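Small disclaimer: the values here were computed from a predicted structure and weren't measured.
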Amino acid sequence: MKVVSENKCFGGVQGVYSHASEAANCEMTFGLFLPEEARDGPVPVLWYLSGLTCTHENAMVKAGAQGWAAEQGVALVFPDTSPRGEAVADDDAYDLGQGAGFYVNATQDPWQPHFQMWDYIAQELPALVTSEFAIDADRQSITGHSMGGHGALTLAMGLPGRYRSVSAFSPITHPTASDWGRKQLKAYLGTDEATWARHDATLMMRDVGFDGPVLVDTGTSDQFIDLLKPEALAEAANARRQEATLRLQPGYDHSYFFVSTFMEDHMSFHAEALYS
């Protein structure tokens with residue numbers, strides 16, 4: 001692992017690191033905020049998964065999360081959204097290929113050799129950060145924005161017992177029924193739609209739900225709301241009687257102005273679960 005940068009931030013350290021990833025078969029970069037409490041021992045961690053076109057840097061710079069994380073004594077991990085590099089397959093469209101990993105393990109060419117983002121987020125990167133930093137592997141929660149909200153919800157429901165809480169900002173909630181999903185799932189996983197279900201938060205909510213609290217915020221003026229389908233997740237959660245707070249925020253859009261506005265709520269929500 002290489003240190004790209006480390007800066008003092010709210011009494012702790014905001015770092016950026018790179019490493020050779022076996023899962024992604026390329027060099028991967030991630031951001032990690034460690035609060036001051038990490039000097040004395042392991043701290044709980046919140047994973048933040050970013051959306052389409054983003055790198056590790058977008059949320060690290062724009063979400064305003066570090067101040068609230070420092071207040072709660074929680075570490076933050078900002079992974080990249082896909083493998084990258086000249087040898088990594090890409091597409092001219094912004095919503096496929098590099099920057100658009102969709103947090104799945106691709107089984108189709110040309111994506112399969114590198115696009116193993118589920119394994120990277122679920123296995124490889126957690127093993128790395130808990131071995132190299134003062135992170136408590138038994139106290140983890142997860143959140144994300146847009147495509148990252150999709151990833152947070154599906155990982156949380158697909159890995160029972162891993163995360164104590166899950167939240168999302170304007171998540172893609174029903175990708176098997178959306179143009180933000182069908183295109184990518186077909187490209188990465190093939191035409192057998194049965195293999196798509198475990199990467200659809202609405203279908204996962206109907207099937208297994210989440211063994212903890214859920215918080216989801218979506219803006220009513222989100223320019224992509226028809227692709228996000230928040231009503232589908234709400235219907236599934238209600239049918240399952242899932243412990244969940246699903247909110248529509250009047251006038252807010254899809255931007256990081258929206259995310260940063262409600263970041264305090266999400267950090268407090270996760271801190272309560274992580275320290276309970």
Any chance you could lay out the side-chain contact (heavy atoms from CB on, under 4.5 Å) test for Ile225 and Thr220, step after step, and finish with the verdict? CA-CA 8 Å; Ile225 196 166; Thr220 61; 5.5 Å; no

Spacing of Thr55 atom OG1 and Met60 atom CE [to the nearest 0.5 Å]: 7.5 Å

Side-chain heavy-atom pair Met267, Glu71 within 4.5 angstrom cut-off: no

Taking the ring of Tyr17 and the ring of Phe30, is the distance between their centroids below 6.0 Å? yes

Strictly distance-based, threshold 3.5 Å: is any side-chain N or O of Asp200 a donor or acceptor partner for the main-chain N or O of Thr176? yes

If hydrophobic clusters are built by linking Ile, Leu, Val, Met, Phe, Trp and Tyr wherever their side-chain heavy atoms come under 4.5 Å apart, do Val45 and Leu76 end up in the same one? no

When you measure from the side chain of Tyr103 to the backbone of Ser82, do you find a donor-acceptor pair of N or O atoms at a distance under 3.5 Å? no

Look at the rings of His254 and Phe224 and say which category their plane angle falls in: under 30° parallel, 30 to 60° tilted, over 60° perpendicular. perpendicular

Can Met147 be reached from Val77 by stepping across I, L, V, M, F, W or Y side chains whose heavy atoms are under 4.5 Å apart? yes

If you look only at pairs with a residue in residues 49-73, which of them pass as a ring pair (Phe, Tyr, Trp, His ring centres under 6.0 Å), with sequence neighbours excluded? none

Closest approach of Tyr48 to Ala59 (non-hydrogen atoms, all atoms of both residues): CE2-CB, 3.1 Å

Please answer whether the main-chain N or O of Pro175 pairs with a side-chain N or O of Ser178 as donor and acceptor at a distance below 3.5 Å. no

Closest heavy-atom pair, Ala122 versus Leu159, reported as atoms and distance to 0.1 Å, is CB-CD1, 3.7 Å

Distance (rounded to the nearest 0.5 Å) between Phe262 CZ and Gln249 CD: 3.5 Å

Checking Val214 against Thr245 for the side-chain contact (heavy atoms from CB on, under 4.5 Å) test, could you report, in this order, the C-alpha distance in whole Å, the side-chain angles of both residues, the deciding distance, and whether it holds? CA-CA 6 Å; Val214 178; Thr245 301; over 6 Å; no

Might you work through the side chain to side chain donor-acceptor pair (under 3.5 Å) test for Asp217 and His266, ending with a clear yes or no? CA-CA 9 Å; Asp217 279 315; His266 285 244; 2.8 Å; yes

Check Arg247 with Asp265, please: is the shortest side-chain N to carboxylate O separation under 4.0 Å? yes

Go through it in stages, so that I can follow the logic: the residues are Gln14 and Gln66, the test is side chain to side chain donor-acceptor pair (under 3.5 Å), and I'd like the CA-CA distance, side-chain angles, deciding distance and then a yes or no. CA-CA 8 Å; Gln14 176 61 64; Gln66 291 92 338; 2.9 Å; yes

Would you please indicate if the ring centroids of Phe102 and Phe115 are separated by under 6.0 Å? no

Is it the case that one hydrophobic cluster holds both Met117 and Met157, taking links as side-chain heavy atoms less than 4.5 Å apart, direct or via other members? yes

Is Tyr275 atom OH crowded by more than 12 heavy atoms from other residues, nucleotides or ligands, each under 6.0 Å away? yes

Nearest-0.5 Å distance that lies between atom CG in Leu274 and atom CG in Asp138: 11.5 Å

Determine whether more than 12 heavy atoms belonging to other residues, nucleotides or ligands lie under 6.0 Å from atom CG of Asp211. yes

Would you kindly confirm whether Val216 and Tyr163 end up in one hydrophobic cluster when ILVMFWY residues are joined by side chain heavy atoms under 4.5 Å apart? yes

Once the angle between the rings of His199 and Trp118 is folded into 0 to 90°, is it parallel (under 30°), tilted (30 to 60°) or perpendicular (over 60°)? perpendicular

Can you see which heavy atom on Asp95 is nearest to which on Gln184, and at what distance? O-NE2, 2.8 Å

Identify the heavy atoms of Ala137 and Thr130 that sit nearest to each other, and give their distance. CB-CG2, 3.9 Å

Between Ser50 and His145, is any side-chain donor less than 3.5 angstrom from a side-chain acceptor? no

Look at the rings of Phe258 and Phe169 and say which category their plane angle falls in: under 30° parallel, 30 to 60° tilted, over 60° perpendicular. perpendicular

Would you name the heavy atoms of Ala152 and Val166 that are closest together and state the gap between them? O-CG2, 3.6 Å

Same apolar cluster (I L V M F W Y, side chains within < 4.5 Å links), Leu215/Trp47: no

So, using side chain to side chain donor-acceptor pair (under 3.5 Å) as the criterion, who are the partners of His270 when residues are at least two apart? Ser165, Ser167

When you measure from the side chain of Arg206 to the backbone N and O of Ala236, does any donor-acceptor pair fall under 3.5 Å? no

For Asn25, side chain to side chain donor-acceptor pair (under 3.5 Å) partners two or more places apart: none

Closer than 3.5 angstrom, by distance alone: can the side chain of Thr218 be matched with the main-chain N or O of Pro230 as a donor-acceptor pair? no

Using side-chain heavy atoms (C-beta onward) and a distance below 4.5 Å, is Leu52 in contact with Thr81? no

I'd like to check the side chain to side chain donor-acceptor pair (under 3.5 Å) partners of Ser18; sequence neighbours left out, ordered by chain and number. Glu27

In this structure, NZ of Lys2 is separated from OG1 of Thr29 (nearest 0.5 Å) by 9.5 Å

Applying salt bridge (Lys or Arg N to Asp or Glu O under 4.0 Å) to Lys62 and Glu57, what does each step give before you reach the verdict? CA-CA 8 Å; Lys62 296 178 180 179; Glu57 189 175 33; over 6 Å; no

From Asp207 atom CG to Arg240 atom CZ, the distance as rounded to the nearest 0.5 Å: 7.0 Å

For the pair Gln140 (side chain) and Leu46 (backbone), establish whether a donor and an acceptor sit closer than 3.5 Å, ignoring hydrogens and angles. no

Salt bridge (Lys or Arg N to Asp or Glu O under 4.0 Å) involving Asp136 - partner list, sequence neighbours excluded: Arg139

Given Trp180 and Lys229, is the side-chain contact (heavy atoms from CB on, under 4.5 Å) satisfied, shown in steps? CA-CA 10 Å; Trp180 265 5; Lys229 299 186 178 297; over 6 Å; no

Could you give the distance from OG1 (Thr154) to CE (Met204), rounded to the nearest 0.5 Å? 7.0 Å

Around atom CD of Glu22, are there more than 12 heavy atoms of other residues, nucleotides or ligands at under 6.0 Å? no

Closest approach of Met28 and Ser21, non-hydrogen atoms and distance? CG-CB, 3.5 Å

Set of side chain to side chain donor-acceptor pair (under 3.5 Å) partners for Asp80, sequence neighbours left out: Arg84

